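What follows is one structure encoded as C-alpha cells, with my remarks underneath.
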2 protein chains.
Amino acid sequence: MDTIDKKITALLAEDARRSLADIGEAVGLSPSAVNERIRRLTASGAIKRFTVDADHAALGLAVTAFVLVGLDYDAGEEAFKAFVSAHPSVAECHHVTGGWSYLLKVRLADLAGVEAFLGDLKARRFLARSETMIALSTAVERGFTPAED
Amino acid sequence: MDTIDKKITALLAEDARRSLADIGEAVGLSPSAVNERIRRLTASGAIKRFTVDADHAALGLAVTAFVLVGLDYDAGEEAFKAFVSAHPSVAECHHVTGGWSYLLKVRLADLAGVEAFLGDLKARRFLARSETMIALSTAVERGFTPAED
DNA sequence: AGTGAAACAATAGAACT
DNA sequence: AGTTCTATTGTTTCACT
C-alpha cells in the first residue's frame with residue numbers, strides 16, 4: 001500500500017465510477033496498471049467492496065439512534081453479537097472502553113421503531129442497562145476518512 | 001421510490017459493479033430501464049454517490065473512537081460544525097438528544113492521535129466536557145441498512 | 001510493475017410502444 | 001416508463017519491456 005494505492009483508494013471513495021483512464025491520468029499510470037492495482041487492493045481486502053451511499057431517509061429510515069448498551073452477561077456475549085449482526089436495523093456495533101459494553105448505531109423508520117428495537121433487546125434479556133441518543137441532525141457522515149498528512 | 005428502486009439500491013449497495021444487465025435480470029427490467037432508474041435515483045439524491053468501502057486499518061487508521069461532546073457554547077456551534085466538517089479524522093458528527101451535545105466518530109492512526117485530536121478540541125475551547133470511548137473491536141459496520149419487512 | 005494494442009463487455013442514447 | 005438496437009466508452013487480457 002504505497003502513495004499511489006492510497007490516492008487510487010481516495011479517488012474511488014470519492015467516485016467509484018471514475019474510469020481507469022481518468023484515475024490513471026490523476027496518478028500517472030496507464031489504465032491497465034490502475035486496473036491491476038485495484039485488483040490487488042480488492043484481493044488484499046484494502047478495498048472491501050464497491051458500493052453506493054444511500055440516503056436512508058429516502059429509503060424510509062428517517063431516524064438514526066445510538067444505543068449505549070450495558071450488557072447483561074447472563075444472556076451471552078456471543079448471542080448478543082449474533083443478534084445484532086443479523087438485525088437489519090443495526091448499522092454498527094462496537095465493543096467500547098468505558099462504562100458501557102457496546103455502542104450501537106441503528107437506523108429505523110420512526111421513534112416507534114426505536115422503542116420496538118429497545119423492547120426487543122430488553123425482551124431478549126441483553127440489557128442490564130442502556131442509554132439511547134437520537135440523532136437530531138447529522139453534520140458529517142462519510143464512509144471514507146483520509147489519513148492526515 | 002418504489003419496490004424496484006429499493007431493490008436496485010440494495011443490489012448496488014451490495015456490489016456497485018454489477019452490470020445493468022445483471023440488475024435488470026434480478027428486478028425484471030431491461031438494462032436501459034435500470035440505467036434510467038439509477039440515473040433518477042442518483043439525480044434525486046436517494047443514491048448519494050458511488051464509492052468503495054476501504055479498510056481503514058490498511059490505510060493506517062487503526063483506531064476508531066467515539067467522542068461525546070458537551071459543547072462550550074461560547075466557542076460557537078457553527079464554528080464547531082465547520083471544524084469537524086473540515087477535519088479529515090472526523091468520520092461522523094451527530095447532534096444528539098440526552099446529556100451530550102454531539103457524538104463524534106473519529107478514525108486515527110493510534111492512541112496518540114486520539115489524544116492529539118482531543119487536545120485540539122480543547123485548545124479551540126469547544127469542550128465544556130467530553131467522554132471518549134475507544135472501539136476495541138467492531139462486530140458490525142455496514143453503510144447500508146435495509147428496511148425491515 | 002508497467003505499457004500499448006486488440007478483443008470484449010458494458011453503458012448511454014435514440015427511435016419507438 | 002418501458003423495450004430494442006446501436007454507437008460509444010470502458011474494461012480486460014496479453015505480448016513485450
Side-chain angles (χ1 to χ4, degrees), chain A residues 1-62 109 142-147 149, chain B residues 1-62 109 142-147 149:
Chain A
M1 166 70 65
D2 61 6
T3 314
I4 293 179
D5 281 338
K6 282 185 191 169
K7 205 160 174 182
I8 290 173
T9 307
L11 287 165
L12 288 174
E14 203 176 284
D15 177 8
R17 278 184 146 184
R18 259 191 260 261
S19 72
L20 300 174
D22 280 3
I23 297 167
E25 193 157 345
V27 300
L29 285 177
S30 69
S32 321
V34 174
N35 191 36
E36 174 58 16
R37 276 175 179 261
I38 292 173
R39 196 196 58 70
R40 277 202 302 271
L41 286 166
T42 307
S44 73
I47 290 175
K48 291 188 226 162
R49 58 186 187 145
F50 284 72
T51 185
V52 291
D53 269 7
D55 178 355
H56 289 86
L59 287 162
L61 298 168
R142 41 184 169 229
F144 180 78
T145 313
D149 306 311
Chain B
M1 170 66 66
D2 60 7
T3 313
I4 293 179
D5 281 339
K6 284 186 189 167
K7 205 160 175 182
I8 290 172
T9 307
L11 287 165
L12 288 174
E14 204 175 285
D15 177 8
R17 278 185 146 184
R18 259 192 259 263
S19 72
L20 301 175
D22 280 3
I23 298 167
E25 193 157 346
V27 301
L29 285 176
S30 69
S32 303
V34 174
N35 194 31
E36 174 59 15
R37 275 174 180 263
I38 292 173
R39 197 196 58 70
R40 277 202 301 269
L41 286 166
T42 307
S44 73
I47 291 174
K48 291 189 222 160
R49 58 187 187 145
F50 284 73
T51 186
V52 291
D53 269 5
D55 178 356
H56 290 86
L59 287 163
L61 298 169
R142 42 183 167 228
F144 180 79
T145 313
D149 304 311

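This is a predicted model, so every value here is computed, not measured. Below, each value reflects all heavy atoms present in this structure, side chains not excepted, and no hydrogens, waters or symmetry copies. Proteins come first, then strands; the chains are lettered A, B, ... in the order of their sequence lines, and each starts at number 1.
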On DNA chain D, reading 5' to 3', which nucleotide is the first and which the last to sit with an atom under 4.0 Å from a heavy atom of chain A, could you check? D/dG10 to D/dT13
Of all the heavy-atom pairs spanning A/A16 and A/F50, show the shortest one and how long it is. CB-CD2, 4.0 Å
Residues A/D5, A/R37: salt bridge by 4.0 Å N-O rule: yes
Looking at A/A46 and A/M1, what are the two nearest heavy atoms and their distance? CB-CE, 3.7 Å
So which heavy atom on B/A54 is nearest to which on A/T9, and how close? CB-CG2, 3.9 Å
Okay, side chain of A/R18, backbone of A/L11: is any donor-acceptor separation there less than 3.5 Å? yes
Scoring nucleotides 10-17 of chain C by protein non-hydrogen atoms under 4.0 Å (B base, S sugar-phosphate only, - none) yields SSBB----
Hey, does the side chain of B/R49 reach the backbone of A/A13 with a donor-acceptor pair shorter than 3.5 angstrom? yes
Salt bridge (charged side-chain N to carboxylate O under 4.0 Å, His left out) between B/K48 and A/D55: does it pass, once the steps are laid out? CA-CA 6 Å; B/K48 291 189 222 160; A/D55 178 355; 5.3 Å; no
Mind checking whether B/L12 and B/I23 have side chains closer than 4.5 Å, heavy atoms only? yes
Send over the distance from A/L29 CG to C/dA1 P, rounded to a whole Å. 12 Å
